[in-house]
J.: 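Mind having a look at this structure? Questions to follow.
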Amino acid sequence: MALLELHDLHTYFKTKRGIVKAVNGVSYQVEAGKTLGVVGESGSGKSVSAMSILKLLDGNGYVDSGEIIFNGKNIKECSMDEMYKIRGNEISVIFQEPMTSLNPVFTIGKQIAESYIVHQHMKKKDALKKAVEMLSAVKIPNPEAVAKQYPHQLSGGMRQRVMIAMALACEPHLLIADEPTTALDVTIQAQILHLMNELKREKGTSILFITHDLGVINEMADDVAVMYCGQVVEMASVDTIFGKNSYSHPYTEGLMTSIPRLDMPAGVRLEAIPGAVPHPLDLPKGCKFAPRCKYCTERCMEEEPELVQVEDNHMIRCFYPEKEARHAK
Ligand SMILES: Nc1ncnc2c1ncn2[C@@H]1O[C@H](COP(=O)(O)OP(=O)(O)OP(=O)(O)O)[C@@H](O)[C@H]1O
Ligand SMILES: [Mg+2]
């Protein structure tokens with residue numbers, strides 16, 4: 001069963017230069033107890049679609065249309081008050097830069113305890129004790145001492161663990177992690193990813209994991225949504241996306257061939273996708289990937305393909321999803 005479903009979500013921003021259509025009909029689901037990995041180049045609308053769920057958009061942003069169903073309820077209609085209760089109670093979020101989400105004037109312990117006091121109405125002393133337990137659960141050495149420290153006294157990796165502790169403090173049903181490890185070095189990144197997987201296994205938490213790194217997706221996700229220009233262009237299980245398959249979206253194919261592989265002979269150049277993501281104020285008329293696609297036909301320049309099911313649990317937005325049937329120009 002899906003815990004979260006986005007249906008045809010459109011999120012726009014009012015700017016001086018016009019309406020920026022950042023999210024153009026995104027549909028995806030996060031299944032209960034599973035991780036959905038959302039991947040795509042910078043500017044593809046990964047963060048904006050996630051922030052739409054939580055009503056955390058910048059002031060000039062708004063959800064123009066679509067549905068956001070969480071636990072069977074359309075939360076698009078929720079008031080800010082209702083959303084505040086859901087956030088930090090049922091849905092938690094971890095951002096890329098932990099420093100911006102931590103309050104510099106309160107100790108770590110107090111900030112985590114706050115969640116227990118506000119959402120679970122715990123007494124201050126019990127809440128502080130729970131905060132220390134949570135720090136220990138995210139493998140912070142010396143949790144009692146760290147609870148008494150301020151954010152600036154911790155390293156980047158420690159702060160990110162604190163963010164995760166805070167996000168998990170209320171035992172959310174859904175954790176939204178937006179590039180949670182991008183700013184960290186690889187060893188710490190690996191530890192944090194491992195920790196998130198462990199907590200998912202133990203608590204059955206669902207995770208919406210946003211990244212531009214396919215390697216991380218492979219490690220974390222059960223299902224994958226590939227985004228391009230504010231749309232999902234391919235969605236399937238992680239095994240389908242990374243396995244041998246007769247169907248794929250040319251964009252996913254391009255992302256795949258740009259990952260370095262250990263078995264690659266030295267000196268082989270990685271094939272990055274040529275061209276750049278179009279600006280959201282100037283989107284192409286037909287398929288949004290057409291200008292960069294090596295299989296593009298006249299039809300692709302004129303008409304926009306729908307996201308269609310090509311086989312069980314596998315959706316692709318392309319007129320030519322079958323690999324054998326298309327030819328590079
Ligand atoms: N407040 C805003 N006003 C205008 N445009 C915005 C605003 N916030 C985001 N956008 C635009 O929305 C589009 C999608 O941005 P988003 O942050 O979702 O991309 P992303 O896929 O998360 O990229 P990244 O990998 O860099 O985090 C971008 O073109 C961005 O410039
Ligand atoms: Mg982002």
Side-chain angles (χ1 to χ4, degrees), residues 4 6 8-28 30 35-66 68 76 91-101 160 163 167 174-184 189 192-193 196 207-218 220-221 224-235 241 249 251-252 254-256 258-259 272-273 275-284 288-289 291-292 307 317:
L4 174 79
L6 299 192
D8 206 20
L9 182 76
H10 289 74
T11 303
Y12 301 161
F13 293 95
K14 283 197 192 103
T15 70
K16 282 198 189 114
R17 291 183 53 209
I19 302 282
V20 169
K21 298 187 171 178
V23 173
N24 297 294
V26 162
S27 303
Y28 59 59
V30 185
T35 299
L36 173 71
V38 177
V39 68
E41 280 166 292
S42 189
S44 55
K46 304 182 297 293
S47 298
V48 170
S49 38
M51 293 307 116
S52 306
I53 302 168
L54 295 165
K55 296 194 196 286
L56 285 175
L57 294 168
D58 293 338
N60 61 332
Y62 59 98
V63 172
D64 184 73
S65 60
I68 304 167
K76 199 188 94 185
I91 305 179
S92 280
V93 59
I94 309 172
F95 297 107
Q96 181 171 346
E97 201 357 274
M99 206 50 195
T100 54
S101 328
Q160 195 59 308
M163 270 301 291
L174 176 67
L175 175 67
I176 298 180
D178 190 351
E179 306 266 11
T181 56
T182 312
L184 306 175
Q189 167 167 334
I192 295 211
L193 296 181
M196 287 173 70
I207 306 176
L208 176 61
F209 197 100
I210 299 171
T211 175
H212 58 263
D213 186 336
L214 272 172
V216 171
I217 289 281
N218 195 11
M220 297 298 290
V224 183
V226 181
M227 281 190 66
Y228 189 76
C229 283
Q231 294 179 326
V232 172
V233 296
E234 181 161 2
M235 195 154 80
I241 294 277
H249 191 284
Y251 179 61
T252 315
L255 288 179
M256 289 291 173
S258 62
I259 326 180
I273 306 169
V277 180
H279 192 274
L281 279 172
D282 190 23
L283 292 174
K288 295 183 171 40
F289 186 59
R292 296 174 76 189
L307 187 66
R317 189 187 287 277

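When a ligand or atom number is given, it counts from 1 through the structure's own listing order. Side chains included, hydrogens not; waters and symmetry mates left out as well; all remaining heavy atoms used.
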J.: Quick check on the Mg ion (ligand 2): does Ser47 put an N/O/S atom closer than 2.8 Å to it?
T.: yes
J.: If you count the atoms of ligand 1 from 1 in the order shown, which ones are under 4.0 Å from a heavy atom of Thr15?
T.: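 Listed by number with element: 4 (C).
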J.: Do Val63 and Lys55 touch side chain to side chain, with heavy atoms closer than 4.5 Å?
T.: no
J.: Answer yes or no: is there a side-chain heavy-atom contact under 4.5 Å between Leu255 and Tyr228?
T.: no
J.: For the residue pair Lys14 and Tyr62, would you count it as a cation-pi contact if the rule is NZ or CZ under 6.0 angstrom from the ring centre and within 45 degrees of the ring axis?
T.: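 Yes - Lys14 lies over the ring of Tyr62, closer than 6.0 Å to its centre and within 45° of its axis.
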J.: Does any part of the side chain of Glu234, heavy atoms only, come nearer than 4.5 Å to the side chain of Val224, both counted from C-beta?
T.: no
J.: So which heavy atom in the protein is nearest atom 15 (O) of ligand 1, and how far is it from that ligand atom?
T.: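 The closest one turns out to be Val48 CG2, 3.7 Å.
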J.: Under 4.0 Å, counting heavy atoms only: does Pro280 come that close to any atom of ligand 1?
T.: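 Flag set, Pro280 near ligand 1.
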J.: Testing Asn60, Leu57, Asn24 for side chain to side chain contact (heavy atoms under 4.5 Å, CB included) with Tyr12, which one passes?
T.: Asn24
J.: Out of Gly40, Ser42, Ser47, who is nearest to atom 22 (O) of ligand 1 when you count heavy atoms only?
T.: Ser47
J.: Using a 6.0 Å cut-off, check whether atom NZ of Lys21 has over 12 heavy atoms from anything other than its own residue.
T.: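 Result for NZ/Lys21: open.
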J.: What residue and heavy atom of the protein are closest to atom 13 (C) of ligand 1, and at what distance?
T.: Ala22 CB, 3.7 Å
J.: Counting only heavy atoms on the protein side, is anything nearer than 4.0 Å to atom 19 (O) of ligand 1?
T.: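 So atom 19 (O) of ligand 1 has protein heavy-atom neighbours under 4.0 Å.
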J.: Counting non-hydrogen protein atoms only, what is the nearest one to atom 6 (C) of ligand 1? Give residue, atom name and distance.
T.: Phe13 CD1, 3.5 Å
J.: Going from CE on Met196 to CG on Leu175, what distance comes out if it is rounded to the nearest 0.5 angstrom?
T.: 5.0 Å
J.: Could you tell me the residue and atom name of the protein heavy atom closest to atom 23 (O) of ligand 1, and the distance to it rounded to 0.1 Å?
T.: Gly43 N, 2.8 Å
J.: Could you identify the single nearest non-hydrogen protein atom to atom 1 (N) of ligand 1 and state the distance to 0.1 Å?
T.: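 Among all protein heavy atoms, the one nearest atom 1 (N) of ligand 1 is Asp58 OD2, 2.8 Å.
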J.: I'd like the name of whichever of Val20, Thr11, Asn60 reaches closest to atom 3 (N) of ligand 1 through any heavy atom.
T.: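 Closest candidate by heavy-atom distance is Asn60.
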J.: With heavy atoms only and a cut-off of under 4.0 Å, state how Lys46 meets ligand 1: side chain, backbone, both or neither.
T.: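 Both backbone and side chain.
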J.: For Tyr28 versus Ala50, what's the shortest heavy-atom pair and its separation?
T.: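 So the two residues come closest at OH-N, 4.4 Å.
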